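Remember, predicted model here, so these are calculated numbers, not experimental data. Ligands are counted one by one from 1 in listed order, and the atoms in each one are counted from 1 as well. These values consider heavy atoms only, across backbone and side chains, with no hydrogens, waters or symmetry-generated copies.
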Amino acid sequence: MTEKQMLIADVITYFESWCPPLLAEKWDNVGLQVGTLDQTVSGVLTTLDVTEAVVDEAISQNANLIIAHHPLLFAPPKKLDTTTPKGRVIQKLMKHDITVYAAHTNLDIVEGGVNDLMADALGLEQKRVFLPAGHQTFKKLIVFVPKTHEQNVKDALHSNGAGNVGDYEKVSFVSEGNGYFQPNAEAQPFIGHAGEMERVEEVRIEVLVPEENVRRAVAAMIEAHPYEEVAYDIYPVEMQGKAYGLGRTGKLPAPMTLVELALLVKQRYNIQHVRFTGDASASVETVAVLGGSGRDYIDQALQQADVYITGDLTFHETQDAMLEGLCLIDPGHYAEQIMKQKVADYLQTAFANVPIHVSQVNTDPFQVI
Ligand SMILES: [Zn+2]
């Protein structure tokens with residue numbers, strides 16, 4: 001992609017082709033938070049949280065797009081009082097034309113997102129979704145194309161997420177036939193003349209499209225299709241794809257002691273300290289990991305894993321879980337900062353000429369002495 005007049009909207013469209021807002025939990029508030037998508041992007045800053053220090057960092061880096069994991073706005077504010085910390089942040093963002101975009105539970109859930117990063121950092125194998133919320137759904141897209149343009153249209157569909165089924169990409173079915181049409185006096189047909197019946201050798205291309213890719217696949221298909229009026233159908237299909245949801249479970253490459261795993265967590269998540277409960281010398285192998293606050297899912301972890309890695313654990317729940325025999329490792333909520341580098345890397349591959357920065361501001365409210 002060229003850097004000329006690259007809009008924030010272009011960056012976000014690309015980001016959402018990996019991490020669609022559709023995946024977010026219903027209660028969440030993801031997407032545009034402050035500003036506009038309709039301006040040229042000068043630079044991007046990725047962060048866990050949007051604090052005043054992060055906004056200052058964006059200003060000093062000349063980045064007018066902040067992509068954060070935690071939404072800046074959650075409960076609808078009743079007023080924007082610029083003497084409050086949040087009001088000041090929003091005022092500063094507006095003054096400097098900085099756009100804030102949040103990818104929260106969708107970034108937790110998506111393949112390659114926060115939870116996969118946390119699982120992969122520990123080398124977990126046989127990974128599965130810890131808390132399945134649903135399954136990927138599909139639409140069947142069928143389009144009729146003159147034979148000459150079969151490849152063009154297929155390429156457009158495939159490069160926009162159509163035909164991705166499980167571990168297979170670029171899956172399609174093509175059959176041949178005849179298309180018939182008669183343009184009226186208003187038409188500007190690619191083939192044929194007004195008022196004359198036409199027969200054209202066409203192909204019927206069928207692809208399955210993951211629900212979240214339907215809009216951009218159809219747009220790209222129409223763009224690549226030579227006809228003025230594109231004949232296509234979209235059907236619902238009953239079959240389900242991969243499970244999606246929060247957290248991951250998996251097996252360590254080899255059993256290790258709880259304290260060894262706690263140290264590995266500390267090192268791989270690049271954090272100052274971890275808390276853990278359980279017998280330090282206990283052997284652990286199956287792991288459930290959930291970024292952020294996972295204390296509500298201790299029961300599910302008990303059924304699926306020897307050890308549960310999650311943040312924001314509190315005294316009584318942890319005590320109860322320990323008595324039930326579950327080992328727990330709490331790397332803190334801030335461990336989610338692992339997303340900053342990944343999001344930056346993902347965008348940098350597509351936007352080589354847009355400066356993309358990873359925030360260096362530590363937004364962890366806790367200090368350890
Ligand atoms: Zn979080």
- Message: Within the 3.5 Å criterion, strictly below it, is a donor on Asp155 or Gln151 matched to an acceptor on the partner's side chain?
- Response: yes
- Task: Give the name of the N/O/S atom in Glu336 that lies closest to the Zn ion (ligand 1).
- Result: OE1
- Taking the six-membered ring for Trp, are the ring centroids of Phe15 and Phe351 within less than 6.0 Å of each other? no
- Does the separation of the ring centres of His273 and Phe366 fall below 6.0 angstrom? no
- Item | N, O or S of Asp108 under 2.8 Å from the Zn ion (ligand 1) | no
- Any side-chain donor paired with an acceptor under 3.5 Å for Asn178 and Arg199? yes
- Query: Quick one: angle His333 NE2 - the Zn ion (ligand 1) - His70 NE2, to the nearest 10°?
  - Reply: 100°
